[in-house]
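Throughout, protein chains are lettered first and strands after them, A, B, ... in sequence-line order, and every chain is numbered starting at 1. Keep in mind the model is a prediction, meaning the values are calculated, not measured. Because only heavy atoms are used, hydrogens play no part in the values below, and waters and symmetry mates are left out as well, while side chains stay in.
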Protein chains: 4
Amino acid sequence: MGNPRDERPEHGQDRSSSGSGEGSAASVPDRLLSAATRLFAERGYERTSVREIVEAAGVTKGAMYHYFASKDDLLFAVYQRVLAMQMRRLEEFATAEGPIAERLRAAAADVVHTTVDNLEDTVIFQRSLHMLSPERQNEVRKERRRYHERFREMIEDGQQIGVFRTDIPADIVVTQYFGAVHHLGMWYRPDGELTGAAVGDYFADLLLNGLRP
Amino acid sequence: MGNPRDERPEHGQDRSSSGSGEGSAASVPDRLLSAATRLFAERGYERTSVREIVEAAGVTKGAMYHYFASKDDLLFAVYQRVLAMQMRRLEEFATAEGPIAERLRAAAADVVHTTVDNLEDTVIFQRSLHMLSPERQNEVRKERRRYHERFREMIEDGQQIGVFRTDIPADIVVTQYFGAVHHLGMWYRPDGELTGAAVGDYFADLLLNGLRP
Amino acid sequence: MGNPRDERPEHGQDRSSSGSGEGSAASVPDRLLSAATRLFAERGYERTSVREIVEAAGVTKGAMYHYFASKDDLLFAVYQRVLAMQMRRLEEFATAEGPIAERLRAAAADVVHTTVDNLEDTVIFQRSLHMLSPERQNEVRKERRRYHERFREMIEDGQQIGVFRTDIPADIVVTQYFGAVHHLGMWYRPDGELTGAAVGDYFADLLLNGLRP
Amino acid sequence: MGNPRDERPEHGQDRSSSGSGEGSAASVPDRLLSAATRLFAERGYERTSVREIVEAAGVTKGAMYHYFASKDDLLFAVYQRVLAMQMRRLEEFATAEGPIAERLRAAAADVVHTTVDNLEDTVIFQRSLHMLSPERQNEVRKERRRYHERFREMIEDGQQIGVFRTDIPADIVVTQYFGAVHHLGMWYRPDGELTGAAVGDYFADLLLNGLRP
DNA sequence: CATGAATGAGGTTTCATTCAT
DNA sequence: TATGAATGAAACCTCATTCAT
């Protein structure tokens with residue numbers, strides 16, 4: 001998209017070929033992405049220096065700038081990976097069989113599950129959007145919106161056939177729910193008492209209960 | 001609390017005495033706090049330099065360091081102001097008269113209302129906690145927790161007398177709700193269609209509906 | 001002129017107060033300007049690092065950036081000093097008494113004299129204009145043009161009263177002459193046989209001879 | 001001449017064989033030379049990166065380093081091409097028939113003409129000599145000097161037979177004249193009012209007039 | 001109370017060049 | 001011939017903070 005380094009190799013989208021850790025097995029871009037994700041979540045984007053990232057990934061600064069145009073670009077790659085994954089999963093639930101209430105419940109629970117499984121991504125997502133360039137913020141927000149709309153459509157389907165209350169805009173319900181989901185990164189601890197599945201059930205329950213006519 | 005400059009004059013708690021803008025009418029600490037709040041919300045803590053803050057506040061760097069020990073200290077002051085205000089309001093609703101469901105509904109709607117009235121504070125709150133020193137992060141989290149607990153107690157009260165469902169931990173309900181509230185800073189726009197009061201009503205509705213046995 | 005650091009102290013215009021060497025006697029900006037001039041002439045703008053400049057001036061990098069917004073700004077300051085000095089001298093000759101041919105000869109000889117006395121400035125002037133920001137290039141060119149116009153007016157005065165030939169545009173004569181003057185930096189060596197005064201006389205002679213009707 | 005890669009194929013001397021543009025028609029070295037010339041003139045040697053050159057030429061970095069030992073080598077090739085061309089032309093005029101004054105006038109006008117026809121080369125020539133390695137600077141200067149000497153000989157010839165004044169060293173006249181010529185790159189614009197031929201005539205006129213006894 | 005010059009460590013990025021393929 | 005990933009040194013600059021006045 002007009003990027004001055006668009007000729008550089010693809011990366012980040014398909015990490016299956018060579019693993020996804022920061023060990024020397026994975027590809028250089030993958031290792032960088034992993035290290036960046038961990039560090040950005042751990043101490044924040046601005047508190048993480050490029051030096052720290054490349055050291056954690058075991059590559060040189062030059063190598064990093066060969067694959068990523070900037071530190072910002074690295075952050076953006078994290079966002080892209082998360083967004084793609086979330087959209088993929090939602091699509092699966094949305095197009096599944098079964099009554100809408102069940103599909104919504106499943107999708108709602110799954111997004112929680114996925115979120116706690118990728119807490120680092122979630123933390124970064126919430127905290128560092130404003131560190132992206134305005135253009136990229138917009139790109140992320142746009143994709144975000146598409147995701148929300150997909151979710152909203154499920155709710156509206158239920159409203160139309162009368163299984164969900166209609167005196168509340170589906171929009172509000174969606175933002176309310178995802179607010180809660182994003183917030184997970186602020187309090188959920190994997191080593192706590194609650195499993196991700198449990199939280200997912202509770203959240204889905206609250207959502208469905210809230211939508212009861 | 002172990003602060004090296006505890007002898008410095010109080011500030012930030014009471015902005016009523018001399019106005020609260022950044023104009024030359026308000027006191028120096030107030031002007032700094034206002035400028036910092038605006039800039040931190042606008043471009044993030046990390047992207048805001050001390051120079052920018054003092055310029056926006058119309059004071060010199062020396063003056064700033066006279067009132068605030070550090071940039072971090074300035075951020076902390078923002079947090080303190082927000083926390084104190086929120087707690088004050090919640091306390092009022094919690095100790096009011098009337099059935100618990102009504103009091104919860106009112107408090108829940110009010111926190112939304114207050115949040116959209118102070119969106120800048122909310123944005124900073126969500127985004128920049130990790131920029132505080134670990135000690136201060138803990139201080140903020142502790143105060144936060146007290147706030148949540150106060151809210152949780154209201155829900156538990158309702159659960160005990162049977163007006164709220166009990167098969168969901170009150171904790172989960174609280175975090176779910178505040179997740180949504182904090183998220184407001186990410187999408188609510190004062191110049192949009194929805195008033196803060198309307199969103200508050202919807203949110204409170206969803207909360208109460210979700211708690212219906 | 002809209003410069004983000006316009007509040008910084010004046011510098012470079014008046015170096016008489018505290019000497020003009022790079023020794024510790026002169027002011028910090030003066031020392032920086034001296035060191036920069038020497039180094040830029042010696043090895044070129046791009047080949048000179050900020051580190052080298054501040055080391056030669058005996059100040060820290062931070063101090064330099066306190067007085068000069070950028071390396072570019074330092075170069076611009078060199079240009080400003082040269083331009084101001086040249087204009088001041090030309091004005092003196094232009095407004096002196098005597099026949100126009102004599103005044104032109106004196107001014108023409110003097111500009112050579114001054115140029116060889118400040119060869120470093122001249123070398124930089126010729127070589128590094130393109131390293132300035134476009135805006136500043138324009139500023140320099142504009143001042144340059146004013147200087148040339150002042151010189152051209154003297155020639156036109158002579159043409160009008162018939163002491164200079166009129167079949168050659170005064171413009172051409174001026175640019176031709178200053179081309180030769182600027183070129184001095186490329187070949188004149190202070191330790192060579194020719195004194196600056198001698199070269200000045202020859203150049204002025206050629207100019208006047210060329211203008212003979 | 002001591003070049004570590006002297007075994008590489010000849011280039012740059014004869015651009016007629018395969019065109020001289022940067023299009024895919026010309027040979028790789030020619031395309032590189034064209035692109036480099038344009039970019040060096042446009043933004044300066046230092047501001048032009050190897051990446052930009054190879055992109056403009058439509059080749060890869062590896063290809064460039066196959067034909068040119070370094071970026072410096074590319075710049076040197078530009079100098080060589082210019083020098084060879086200038087010397088060739090001067091030789092033609094110097095060895096032509098006719099009175100010395102006419103031959104000098106023709107040569108003087110021609111060098112102006114050629115210069116404005118190759119303004120990019122001229123700009124680079126003036127501006128970037130100091131970016132060459134010291135050895136190559138010397139090589140260029142030496143060739144330069146040979147050129148000047150050839151020109152000076154013409155003047156001395158005229159002085160000996162009494163058609164030129166002798167009270168000014170021919171050296172001075174030469175440097176004066178070429179200073180003016182080199183300066184053309186600083187002010188002459190092909191799209192301006194003056195043709196190169198017109199400027200050449202004026203310059204030659206001034207030169208000859210200046211030499212009148 | 002307030003100033004503003006000075007610090008100095010650390011930040012991101014660029015770049016010419018090499019080398020295994 | 002040609003590729004393009006990788007290097008690593010060095011570049012410019014920012015910034016929170018201090019301190020003498």
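Of the possible donor and acceptor atoms, none in the side chain of D/R127 sits under 3.5 Å from a partner among the backbone N and O of C/R127. Using modelled atom types, one side-chain atom of A/Q137 and one backbone atom of A/L132 make a donor-acceptor pair closer than 3.5 Å. Under a 3.5 Å cut-off, the side chain of D/R43 and the backbone N or O of D/T48 do not form any donor-acceptor pair. D/Y79 places a side-chain N or O within donor-acceptor distance of the main-chain N or O of D/F125, the cut-off being under 3.5 Å.
If you take CG on A/L39 and CD on A/E55, they are separated by 10.5 Å, rounding to the nearest 0.5 Å.
Closest approach to the D/Y65 side chain among F/dA11, F/dT17, E/dT17 is made by E/dT17 (side chain taken as heavy atoms from C-beta onward).
Rounded to an integer number of Å, the gap from CE of C/M64 to P of E/dA5 is 15 Å. Atom CZ of B/R51 and atom P of F/dC13 are 14 Å apart (whole Å). What separates CD of C/E46 from P of E/dA16 is a distance of 11 Å, to the nearest Å. As rounded to whole Å, 13 Å separates atom P of F/dC15 from atom OH of B/Y45. The CG-P distance, from C/L32 to F/dC13, rounds to 14 Å in whole Å. At whole-Å resolution of the value, CZ in B/R43 and C1' in F/dC15 are 15 Å apart. Rounded to an integer number of Å, the gap from CZ of C/F68 to C1' of E/dA6 is 15 Å. The NE2-P distance, from C/H66 to F/dT18, rounds to 17 Å in whole Å.
With DNA chain F read from its 5' end, the first of the two nearest nucleotides for D/V59 and A/G62 is the one closest to D/V59. Nearest-nucleotide positions on DNA chain F for B/S49 and C/D72 put C/D72 closer to the 5' end. Where D/S70 and C/A63 meet DNA chain E, the nucleotide closest to each residue was compared, and C/A63 sits on the side nearer the 5' end.
At least one side-chain nitrogen or oxygen of B/Y67 sits closer than 4.0 Å to the OP1 or OP2 atom of E/dA2. At least one side-chain nitrogen or oxygen of A/K71 sits closer than 4.0 Å to the OP1 or OP2 atom of E/dT12. Under 4.0 angstrom from either OP1 or OP2 of E/dT7 there lies at least one side-chain N or O belonging to C/T60.
In DNA chain E, runs of at least 3 stacked Watson-Crick or G-U pairs (N1-N3 plus N6-O4 or O6-N4, or N1-O2 plus O6-N3, all under 3.5 Å) give these stems: E:2-21 with F:2-21.
Remark: the separation of the C1' atoms in F/dT21 and E/dC1 is 13 Å, to the nearest Å.
Annotation: side-chain contact (heavy atoms from CB on, under 4.5 Å) contacts of A/E135 (sequence neighbours excluded): A/S133.
Minimum heavy-atom separation, A/A36 to A/L74: CB-CG, 3.8 Å.
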